[in-house]
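Presented below is the structure to which this report refers.
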Amino acid sequence: MKAIRLKLKDKLIMVNLLVKLAIMAVIVLVVPTVAIKFSINQTDENLIRKLDNTLAMIDSMGIEAFLTEEDQAFGSYNILKEEYVSLEKMEADTLLNYIGFSERIVDNSIVDYRTLNYSIEIDNNYYLIEIGESLETIFALERQLRRYALIFMLMLIVVTIVLEFFSITTLLRPLDRIVANIKSSRSPSSFNYDKVPTSTTDFEYLQETIHSQMRRIEKAFNSEREYISDVSHELLTPISVIQSKLENMISEGNLPESELPRVFEARKMLGRLTVMVRTLLTLSRIENDEYPLKERVDIGEIVENVLEELSDRLEAKALSLKVDWKAPATKISGNRQLLFNMFYNLVNNAIKFTVKGGITVTAEEKEDKTVVTIEDTGKGIQADRLEGLFTRFGAHDTDGGGYGLGLALVKKICDYHSILISVESAPGMGTKFFLEVKREE
Amino acid sequence: MRVLIVEDEKGLAKEIEGFLRKEGFNCDLAHTGQQASRLLAENPYDLVLLDIGLPDMNGLDLVDELRYINEEASLIIVTARGEIEDKVKGFNLGADDYLAKPFSLVELHLRMQAVIRRRFGTNPNGITFGDFLLDPNAKVLLNKGVSVDLTKKEYDILYYLLLNRKRILDRMQLTEHIWGDFFEDDLDSNYIDVHIKNIRKKLAKYDSGTDWIKTVRGVGYRFNDEWAI
């Protein structure tokens with residue numbers, strides 16, 4: 001059986017409700033039955049007392065006072081027919097002494113009675129005394145009991161559920177606040193260590209545990225940050241030594257010109273290494289939340305700047321550029337430098353892999369989102385390469401010098417800004433990147 | 001012009017020194033914060049090139065000291081750590097520019113020129129070649145007083161070549177200078193060639209007899225120094 005997924009508050013209320021319903025069912029079923037049993041016992045005692053009275057009367061007044069030769073049966077009802085006493089002569093073969101139920105027709109309707117049958121022997125004659133008491137009042141009581149118990153219980157349940165809802169909500173409020181506090185901090189360094197006031201020891205314990213774990217994570221985070229910084233220093237310093245040496249070799253002009261291309265090849269390789277190290281460091285820094293997302297950035301403006309920056313490349317390759325911006329101003333809080341890099345990478349890639357045709361940049365409004373599309377008429381990407389397109393070193397094309405980090409960075413920057421990125425491409429059909437940006441008011 | 005190079009990596013410091021000496025700068029080297037501190041107290045430098053990743057102290061502390069001793073000196077901060085906060089902190093403390101390792105020496109030279117120009121006011125005379133005059137203050141190229149229609153990037157490339165006129169500039173140096181280091185994975189693109197072609201065409205309109213920009217096959221370009229005055 002699949003467990004029902006509910007909030008703790010709702011689960012508590014539900015469990016309580018079920019328990020109450022069970023109790024109510026028991027009460028509604030059992031109480032009237034017990035009450036009836038009890039009433040009938042009472043009735044029986046009454047009957048026995050009346051029998052004693054009747055026997056005493058017969059004893060003192062003689063049987064003749066009730067029965068004569070002509071009238072061999074005596075019967076007496078009280079006015080409302082709630083009880084009766086009858087006396088008649090009987091055969092001696094069966095002596096009776098029991099209490100039971102019987103139905104009688106009174107005024108054309110069947111009435112239930114509790115009856116006591118008792119045989120006595122007077123002067124060798126046997127008589128049967130029958131004393132009855134109507135059960136109408138008792139059954140009426142039972143019906144009333146059942147009805148009122150039901151109404152009362154339902155009211156009780158409604159009232160208690162309302163009370164429980166408020167008290168449980170109040171009790172669990174610290175938990176909500178503890179969770180909200182964790183959710184509101186993007187990184188351990190921005191975690192708020194102020195304690196949520198609570199008198200529930202479980203929550204206190206939970207809070208203490210979270211705080212101590214947070215401190216540990218924060219420590220690990222900081223040492224990771226330091227590590228990245230150290231690694232970048234250790235890697236980039238030797239690179240800059242080699243680079244400046246190669247640069248001086250080329251620019252000083254002491255080498256014969258025929259040797260220069262070889263030195264330049266080495267410099268180019270070093271350049272690639274530099275770009276890789278820098279990109280990896282940027283990826284790590286983003287993962288470590290080192291870039292503040294505090295600037296108000298207009299996506300349209302960024303795209304415009306990127307297109308302007310790259311316009312000469314489009315011209316150089318004789319590619320057309322079509323811009324169709326149909327979305328309202330799309331402002332988000334983000335990091336301008338990162339977003340610029342992201343769009344620069346996408347547009348630059350589009351230019352790089354397109355030989356003929358052009359680039360189309362469009363923006364459309366889709367509910368509270370702006371969908372930016374960057375489309376090229378380039379050679380497209382094979383289906384089996386699309387999957388790993390955004391992963392590190394999952395290069396979709398190394399012929400053009402791409403080393404697969406550019407798109408990993410693009411993806412990382414998109415994730416960092418909660419921008420949804422997707423790609424559509426087929427060999428020979430060009431490539432289309434979609435970016436869904438949620439507009440902020 | 002006296003320059004102090006504060007750089008703990010001796011190999012790099014030596015390369016920078018060699019490069020800047022050729023450009024006519026008088027350079028001192030410091031490999032530790034203490035050395036730098038001592039040299040700063042002893043000599044009035046015009047410009048300090050400071051790597052903030054020093055072995056014995058945070059380079060940023062040296063900035064305070066420099067400002068206390070020598071308010072006039074220009075300051076260019078260099079770092080391989082690339083910490084964003086350091087960049088901001090450096091600028092707040094009054095750094096004039098910032099370079100991330102690894103940087104190109106010609107780029108460093110250009111930045112130093114810009115910083116010096118900012119500090120000492122306008123460059124009195126622009127750079128002339130033939131009948132052309134490049135005015136870095138107005139950012140225009142003139143031919144006998146008539147402005148030559150160059151795009152911003154074309155102007156930047158020409159200025160870069162002129163500024164380093166004795167030197168071969170390779171395509172990577174030019175690409176990096178023009179487009180910055182936006183994680184470009186094809187620094188050796190032929191876009192530079194297209195720009196050079198255009199510049200040549202525009203210069204030829206005024207002076208068709210001279211090939212001002214010389215191609216260094218497989219590497220890059222050099223300004224044709226023989227014709228420069």
**Prompt:** Charged N to carboxylate O under 4.0 angstrom, E247(A) versus R167(B)?
**Reply:** no
**Prompt:** Does K153(B) reach the main-chain N or O of E309(A) with its side chain, forming a donor-acceptor pair under 3.5 Å?
**Reply:**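 Present.
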Top residue by heavy-atom pair count (under 4.5 Å) with chain B, among [options]?
{"options": "I250(A), V263(A), L235(A)", "answer": "I250(A)"}
{"options": "I239(A), L270(A), T237(A), T274(A)", "answer": "T237(A)"}
{"options": "N248(A), V277(A), I242(A), L260(A)", "answer": "N248(A)"}

**Request:** Under the side-chain contact (heavy atoms from CB on, under 4.5 Å) rule, what do I351(A) and Y191(B) come out as? Steps first, then yes or no, please.
**Result:** CA-CA 12 Å; I351(A) 297 172; Y191(B) 299 117; 3.5 Å; yes
Measuring from atom [atom1] of [X] to atom [atom2] of [Y], what distance do you get when rounded to the nearest 0.5 angstrom?
{"X": "F264(A)", "Y": "R217(B)", "atom1": "CZ", "atom2": "CZ", "answer": "14.5 Å"}
{"X": "E308(A)", "Y": "K152(B)", "atom1": "CD", "atom2": "NZ", "answer": "9.5 Å"}
{"X": "E9(B)", "Y": "S240(A)", "atom1": "CD", "atom2": "OG", "answer": "7.5 Å"}

**Asked** Under the salt bridge (Lys or Arg N to Asp or Glu O under 4.0 Å) test, which residues partner E154(B), sequence neighbours left out?
**Response**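 For E154(B), the residues satisfying salt bridge (Lys or Arg N to Asp or Glu O under 4.0 Å) (neighbours in sequence not counted) are K202(B).
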Is [X] in contact with chain A via its backbone, its side chain, both, or neither, using a 4.5 Å heavy-atom distance?
{"X": "T151(B)", "answer": "neither"}
{"X": "D8(B)", "answer": "side chain"}
{"X": "L169(B)", "answer": "neither"}

**Item:** For chain A, which residues of residues 15-22 of chain B have heavy atoms nearer than 4.5 angstrom
**Value:**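 Against chain A, the residues of residues 15-22 of chain B that fall inside the cut-off (heavy atoms, under 4.5 Å) are E15(B), F19(B), K22(B).
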Exceeds 12 heavy-atom contacts within 6.0 angstrom, atom [atom1] of [X]:
{"X": "R262(A)", "atom1": "CZ", "result": "no"}
{"X": "K14(B)", "atom1": "NZ", "result": "no"}
{"X": "E259(A)", "atom1": "CD", "result": "yes"}

What is the minimum heavy-atom distance between [X] and [Y], and which atoms define it?
{"X": "V241(A)", "Y": "G11(B)", "result": "CG1-C, 4.1 Å"}
{"X": "L236(A)", "Y": "P102(B)", "result": "CD2-CD, 3.7 Å"}
{"X": "S244(A)", "Y": "L12(B)", "result": "OG-CD1, 3.3 Å"}

**Which of L105(B), N164(B), V194(B), L108(B) touches chain A most, by non-hydrogen pairs under 4.5 Å** =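 With the most close heavy-atom pairs to chain A, the winner is L105(B).
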**Prompt:** Is there side-chain contact between M172(B) and K268(A), with heavy atoms separated by less than 4.5 Å?
**Reply:**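 The answer is yes; the side chains approach within 4.5 Å.
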